Participant: 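Quick one: the structure is below, questions incoming.
Hydrogens, waters and symmetry mates are skipped; everything else that's a heavy atom, side chains included, is used. Just so it is clear, the structure is predicted and the values come from calculations on it, not from any experiment.
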Amino acid sequence: MAVRKLTLEALARVEGEGSLELSLQDGKVETARLKIFEPPRFFEAFLRGRSLSEVPDIVARICGICPVAYQMSAVHALEQGLGIAVDGPLRLLRRLLYCGEWIQSHVLHIVMLHAPDFLGLPDAIAISRDHRAEVKRALTLKRAGNEILRLLGGREIHPINVRVGGFYRVPTPSELSALREKLEKAGEEAVALLRWVATFPCPECERDYEFVSLRHPSEYPMNEGRLVSSRGLSCLPEEFDAEFEESHLPHSTALYCRLRQRGSYLVGPLARYNLNFDRLSPRVQSLAREAGLSAYCRNPFQSILVRSVEVLFACEEALRLLSLYEPPQGPSVALPAVRGEGHACTEAPRGLLYHRYRFDREGTIEEARIVPPTSQNQSSIEEDLRLWAERHLSEPEERLRNRCEQAIRNYDPCISCSTHFLRLVIRRR
Amino acid sequence: MPARPRLAVWKFASCDGCQLSLLDCEEELLSLAEAVEIGYFLEASRKTLPGPYDLSLVEGSITTPEDAERIREVRRLSQKLVTIGACATAGGIQALRNFARIEEFVSAVYASPEYIRTLERSTPIAAHVPVDFELQGCPVNRLQLLEVISAFLAGRTPAIPRYSVCVECKRAGTPCVLVARGTPCLGPVTHAGCGAICPGYGRGCYGCYGPMETPNTPSLARRWQALGASERDLHRVFRTFNAGAEPFRRESEAHGG
């Protein structure tokens, strides 16, 4: 039987490099493979033998889009291993910093990477020709996220102010009041962004995913909580290995992470929203409903709306945190000289991020393990693609490719993180 | 109206942070898109235009046989080629593999090492093709990146100072953390450009912009030792994001293997 192989251009508007390979037989999609060919970067190996104080600076370099997520999972895991608690105003400032990254990363994805798919345009610059006011407003909103990162982190990309035990310096009251003014305006822009995104034509597509996210007793999850799922999983981050397993397949430099016995699952905005809708304020809940979302969303294409809701949440939460802030005793807490092992999960913009470290009494890292969100979503992305491509197989190839790319971008995949984006190869038999 | 210059942005092994610096130019981005024709910038657009390109910005280091070939093609298509960031200018953090046995690294991270093909070394772009300008930093400074683009479009030399972070501290009026507080700092040997952020936040510079023009690393190492730094500390601090840059590599090796 003749096998036809078609190679199409590399996937654009994602972070990193990869390709998509579809094998077709008798009008059915046999397999859909997301091939990740971002060169391997070996962070877990680099971390061995380093001092635990260097870890936040090193892991930031895994991803330029979400360095704070890597820093947060790292410091929480190391602090657990050291047996110290960083709470009060320092905990608050970490959550505020994370709000900054959610705003920056989500707005980048919504407007510059994902919106062009919904509007049938190649990029955000093309969108700005017809929707200049909307794009400019979104860029201003993104800037507000970056302002938080700049103040609390020292800079937007690879912040320098995060350390195990807290920060190097905490902001002054006048710096925080200047930030508050910018965030008040950003809150209004976030409402406008959500309303604009709600006007985009959205494909109908529902799947019964197992959603996994953190769940906190009182907050919408970011830095801490139990690991829960829509099918009854409930465990602590230190039980991650007991519930999840990673495997390595020949076609990818990213590892696949699956739930033991159950298989694929979904992390990220959709999971967080579905499992924590009750943790959003009544105002954010009602604006979400007004935008066309119910309290539980199974349509991966609506992730762009959920991301917009989370931007709104993050702006609101940042203002709430600022109103509660009292200066701490010092910028950080002292670290004991003990050997230890620690685990942590935090919510990166694209989903759950697990870190584990083991270190000796001098604080030298003996072992490091990092499970990024994209490797957890990889199986789920492939299952979406099989379903979605099969439904549109009769369409011209260019159109089919656009549809597949849009479906992949639903996950805001960060390929650099998971090592690792997209050329479409279609094998027809 | 003459044709707008065609710009391309290429990615090799990297974290995407330096390209993101371009997307982070929130206010300037739309003006930039009017001043140039974006020919190839996959992180921002699916529309690609064929080469040649007037200016290519290259992010990332060379770590695979395929990438070693691809960079030659990029050079062939580019009038001017500018490398951006520590990965492209010095091999980046990936260059830590240059000091280890790569098989151990692969097996430490991947369950099935036979699926991974990779070069033993992570090398800067200039080790493979001629480069017209190198902009250091992990990540690059957004304003310096705009300056480099503007300069190349205007056909002039970019105004990027080669002095150390110390000069930026003095300009900012930040008290010297090394002299006043005894905090070990790499500022005296590190290339300016970040705006001396770390000392401004009360910590010592950790060298993410790589070596300055004429770094006296042995002298600074002696100063660190007087402050209590161990050989191991010195070995590690010069071996991070610019581990492959010659002055830092040498100084790191002087303090243990």
Participant: Just so I know, are the side chains of A:Thr364 and B:Arg232 near enough to count as touching, which here means a heavy-atom distance under 4.5 Å?
Facilitator: yes
Participant: Determine, step by step, whether A:Asn161 and B:Ile197 satisfy the side chain to side chain contact (heavy atoms under 4.5 Å, CB included) criterion, reporting the C-alpha distance in whole Å, the side-chain angles of both residues, the deciding distance to 0.1 Å, and the verdict.
Facilitator: CA-CA 9 Å; A:Asn161 194 28; B:Ile197 312 168; over 6 Å; no
Participant: Answer whether the closest heavy-atom distance between the side chains of A:Glu156 and B:Pro139 falls below 4.5 Å.
Facilitator: no
Participant: Heavy-atom distance under 4.5 Å to chain A: side chain of B:Cys18, backbone, both or neither?
Facilitator: neither
Participant: Please give me the minimum heavy-atom distance between B:Gly17 and A:Ile157, naming the atom from each residue.
Facilitator: O-CD1, 3.3 Å
Participant: Which pair of heavy atoms, one from A:Tyr168 and one from B:Tyr201, lies closest together, and at what distance?
Facilitator: CB-O, 3.3 Å
Participant: Could you check B:Asp24 against A:Gln104 for side chain to side chain contact (heavy atoms under 4.5 Å, CB included), going step by step and ending with a plain yes or no?
Facilitator: CA-CA 9 Å; B:Asp24 267 352; A:Gln104 181 279 130; 4.0 Å; yes
Participant: So B:Phe41 and A:Asp123, side chain to side chain contact (heavy atoms under 4.5 Å, CB included) or not? Walk me through it.
Facilitator: CA-CA 10 Å; B:Phe41 185 7; A:Asp123 51 49; over 6 Å; no
Participant: Need one label for B:Gln19: side chain, backbone, both or neither, based on atoms under 4.5 Å from any heavy atom in chain A.
Facilitator: neither
Participant: Which heavy atom in A:Ile160 sits nearest to a heavy atom in B:Arg203, and how many Å separate them?
Facilitator: O-NH1, 2.7 Å
Participant: Please determine, among A:Asn146, A:Ile370, A:Ile125, A:Val170, the option with the most heavy-atom pairs under 4.5 Å with chain B.
Facilitator: A:Asn146
Participant: Decide yes or no for B:Asp16 and A:Cys63: does some side-chain heavy atom of the first lie under 4.5 Å from some side-chain heavy atom of the second?
Facilitator: no
Participant: Which value, rounded to the nearest 0.5 Å, describes the distance between A:Leu139 atom CG and B:Leu23 atom CG?
Facilitator: 9.5 Å
Participant: Any side-chain heavy atom of A:Met112 within less than 4.5 Å of one from B:Leu29?
Facilitator: yes
Participant: Just by distance, do the side chain of B:Arg236 and the backbone of A:Gly49 share a donor-acceptor pair under 3.5 Å?
Facilitator: yes
Participant: Looking only at side chains, do A:Asn402 and B:Arg46 share a donor and an acceptor under 3.5 Å apart?
Facilitator: yes
Participant: Could you check whether atom CZ of B:Arg171 has more than 12 heavy atoms from other residues, nucleotides or ligands sitting under 6.0 Å from it?
Facilitator: no
Participant: Within the 4.5 Å heavy-atom criterion, are B:Glu34 and A:Ser128 side-chain neighbours or not?
Facilitator: no
Participant: Chain B heavy atoms under 4.5 Å from A:Glu367: which part of the residue, side chain, backbone, both or neither?
Facilitator: neither
Participant: Does any heavy atom of chain B fall under 4.5 Å from the side chain of A:Thr140, the backbone, both, or neither of them?
Facilitator: neither
Participant: Counting N and O atoms only, with roles assigned by atom type, does the side chain of A:Arg169 sit under 3.5 Å from a partner on the main chain of B:Cys198, one being a donor and the other an acceptor?
Facilitator: no
Participant: Roughly how far apart are B:Ile93 CD1 and A:Ile62 CD1, rounded to 0.5 Å?
Facilitator: 8.5 Å
Participant: Roughly how far apart are A:Phe43 CZ and B:Cys15 SG, rounded to 0.5 Å?
Facilitator: 7.5 Å
Participant: Measure from NZ or CZ of B:Arg97 to the centre of the six-membered ring of A:Phe42 and say whether it is under 6.0 Å with the direction within 45° of the ring axis.
Facilitator: no
Participant: With a 4.5 Å limit on heavy-atom distance, are the side chains of B:Cys138 and A:His158 in contact?
Facilitator: yes
Participant: Mind checking whether A:Arg132 and B:Leu30 have side chains closer than 4.5 Å, heavy atoms only?
Facilitator: yes
Participant: Just do the side chain to side chain contact (heavy atoms under 4.5 Å, CB included) check on B:Leu96 and A:Arg50 with the steps written out, would you?
Facilitator: CA-CA 12 Å; B:Leu96 292 180; A:Arg50 306 301 299 210; 4.2 Å; yes
Participant: Between B:Phe241 and A:Ile58, is any pair of side-chain heavy atoms under 4.5 Å apart?
Facilitator: yes
